[in-house]
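Naming: A, B, ... by sequence-line order, numbering from 1 per chain. As a basis for the values below, the full set of heavy atoms in this structure was taken, side chains included, without hydrogen atoms, waters or symmetry mates.
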Amino acid sequence: MAEQHAPFRQFIVKVHGRCNLACRYCYLYEGPDDTWRGRPAAAPPEVLDRTASRIAEHARAHGLTALSLILHGGEPLLAGAETLGRFTALVRDRAPAGCTVRAVVQTNATLLTEPRLAILARHRIGVGISLDGGLPAHNARRVDHAGRPSWPAAARGARLVADRFPESYAGILAVVDVTQDPVQTYESLLALRPPALDLLLPHGNWSEPPPHWDGTGTVYGGWLCTVFDRWWKAGRRETRVRLFEECIALLLGLPAITEALGLQPFDAVVVETDGAIEQVDSLKSAYEGAARTGLDVFRHGFDEALRHPGVRARQAGATALAEQCRACPLVSVCGGGHYVHRYRAGHGFRNPSVYCADLQRFIRHVATRLGATASATTATSAMATAVAAVVPSSPEGGIP
Amino acid sequence: MDSSDRTDSADGTESADGADGADRVEPTGDLSALPDLTELSLAELATVQHPLLQEVLADLRERARRPSEMLWGWANSF
């Protein structure tokens with residue numbers, strides 16, 4: 001039988017390979033992989049031109065009706081907003097008719113200015129922001145190369161998007177810091193009025209465990225459960241929270257769109273500033289060269305990357321998981337967790353997630369809340385039906 | 001070292017469930033079965049009095065209508 005591959009739909013283009021910040025925990029620049037040092041700082045025009053053609057070629061070959069263009073770095077705004085706009089226009093121009101190109105730039109927000117945001121808005125480029133909370137203390141590890149806090153500039157940028165360009169505002173990504181109060185972290189992020197949030201577990205694995213991790217599920221699982229309850233009990237949807245909503249989708253047996261949970265095929269690919277085609281760069285948190293494919297946009301199409309063993313493993317669903325994960329009753333929801341969190345030196349990625357206990361705790365918590373809400377309504381509805389059956393309605397139409 | 005030289009390649013094929021099973025990582029936490037919420041249909045859930053859940057379900061219904069446009073997956077961006 002021919003192998004089935006899900007085409008790539010998310011194209012992560014490293015338009016700039018350096019960052020104006022030096023966050024203490026950065027998986028790219030503070031991790032075990034330093035391949036970025038040998039690459040050009042900014043993607044040259046010929047790399048961007050060739051990348052646009054390769055994306056269009058892939059979209060055409062697979063009849064894509066939509067694709068996501070993610071302008072990433074480093075700090076992508078170092079490439080200049082006009083460059084981002086021109087490249088996005090090039091991709092849209094070359095994409096086949098009927099294929100929608102959804103573009104977003106993921107930025108640390110420190111370089112956002114009104115003129116730059118106007119350029120991004122003109123090119124219909126959404127703005128995703130990376131922050132770890134809405135207070136200075138939450139962002140203490142997000143510093144520049146001189147060790148100065150990035151928060152004042154980042155806060156100014158985030159507020160500018162919220163105030164002046166809300167239609168461009170895609171959301172905020174926050175790396176969980178369990179030393180911070182979970183509810184305060186969530187509420188301070190809410191104050192920046194993001195239409196969506198995601199809470200990312202810090203990259204770590206069995207050989208390099210995450211900070212403060214103890215394997216009991218209390219530290220990270222408990223932190224997430226506390227934020228979930230704050231979100232769930234708000235009485236309205238104050239913002240979308242990707243991790244929470246995708247967990248609900250999976251618990252209901254619906255498809256999810258996150259790499260943090262679920263068994264859906266992963267469909268993202270990276271183009272580095274030198275044109276190298278790579279797997280997603282979070283793999284670099286595991287070991288040097290983990291994201292490498294040996295392919296590049298000048299000599300190879302994205303179909304060749306689909307055949308790479310690392311890509312295939314992330315499209316193989318449960319068959320790529322560890323035996324003990326395949327036997328776990330939560331596997332259809334957790335999906336083994338984020339791929340990079342399964343790594344163990346000398347043993348590869350076919351292990352449960354280092355966050356296994358945390359994910360168990362979190363998923364069961366969400367299931368309990370969802371089940372209780374559904375059953376309360378069902379019980380109320382059943383009770384009302386039963387009452388209505390035995391108690392005659394009052395002349396006013398209510399129950400006397 | 002080039003990644004191709006490693007035994008722990010990114011496809012996970014050289015992994016703990018090979019010859020070295022005694023060292024394998026075991027899952028932890030509560031391993032009992034989850035309540036089966038997949039029995040709940042979206043139509044049934046439409047009656048649930050929970051505004052946040054209703055908004056989430058509205059998005060899930062919309063997404064189910066256009067599965068080919070599910071793009072929001074990579075964790076490191078929106």
Side-chain angles (χ1 to χ4, degrees), chain A residues 9-10 65-66 68 70 72 102 104 106 128 170-171 196 200 206 215 217 235-237 245 248-249 251-254 257-260 268 279 282-283 289-290 292 309-310 313 320 322-324 328-330 344-352 356-357 360-361 364 367 370-371 373-374 377 381, chain B residues 1-4 6-18 20-21 23-42 44-45 47-57 59-61 63-64 66-78:
Chain A
R9 296 175 191 276
Q10 302 175 80
T65 56
S68 182
I70 299 160
H72 213 265
R102 176 189 177 273
V104 67
Q106 187 66 34
L200 309 181
W206 291 105
R236 64 187 178 89
R237 193 198 214 178
E245 299 193 8
I248 290 170
L251 285 165
L252 295 173
L254 299 168
I257 43 177
T258 172
E259 63 175 322
Q279 302 172 77
S282 49
L283 283 167
R292 194 176 295 151
E323 180 189 341
Q324 55 272 48
C328 175
L330 269 61
R344 188 178 178 211
H347 297 261
F349 292 84
R350 195 168 289 182
N351 306 295
C356 180
Q360 293 262 359
R361 180 174 175 146
R364 288 181 187 284
L370 184 57
T373 301
T377 302
S381 171
Chain B
M1 182 169 62
D2 187 274
S3 61
S4 60
R6 300 185 65 98
T7 57
D8 45 4
S9 57
D11 61 355
T13 50
E14 301 293 333
S15 62
D17 56 357
D20 197 7
D23 285 345
R24 79 177 191 172
V25 176
E26 293 295 341
T28 52
D30 179 0
L31 299 180
S32 59
L34 280 173
D36 187 4
L37 301 172
T38 62
E39 296 286 315
L40 299 169
S41 72
L42 288 180
E44 287 170 328
L45 285 168
T47 65
V48 171
Q49 302 297 309
H50 194 287
L52 182 151
L53 179 59
Q54 289 308 325
E55 288 192 59
V56 173
L57 294 174
D59 280 359
L60 296 179
R61 283 188 208 98
R63 188 200 287 179
R66 294 187 295 178
S68 66
E69 295 184 13
M70 294 171 61
L71 297 168
W72 203 38
W74 188 48
N76 290 95
S77 81
F78 269 112

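- Listed here is the closest heavy atom pair of B:Val56 and A:Arg237: CA-NH2, 3.8 Å.
- Residues A:Ala170 and B:Phe78 come closest through the heavy atom pair CB-CB, 3.8 Å.
- A distance of 9.0 Å separates CD in A:Glu245 from CD in B:Glu55, rounded to the nearest 0.5 Å.
- Residue A:Leu251 touches chain B through both its backbone and its side chain, counting heavy-atom pairs closer than 4.5 Å.
- Heavy atoms only, all atoms of each residue included: B:Ser77 and A:Gln106 are closest at CA-OE1, 3.3 Å.
- Between atom CG of residue B:Leu52 and atom CD1 of residue A:Ile248 there is a gap of 7.0 Å, rounded to the nearest 0.5 Å.
- Between B:Leu37 and A:Leu252, the closest heavy-atom pair is O-CD2, 3.7 Å.
- B:Arg63 is listed as a side-chain neighbour of A:Ile257, based on a closest heavy-atom distance under 4.5 Å.
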Step-by-step side chain to side chain contact (heavy atoms under 4.5 Å, CB included) determination, A:Thr373 to B:Gln49: CA-CA 8 Å; A:Thr373 301; B:Gln49 302 297 309; over 6 Å; no

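- Across B:Asn76 and A:Ser282, no two heavy atoms sit closer than the pair OD1-CB, 4.3 Å.
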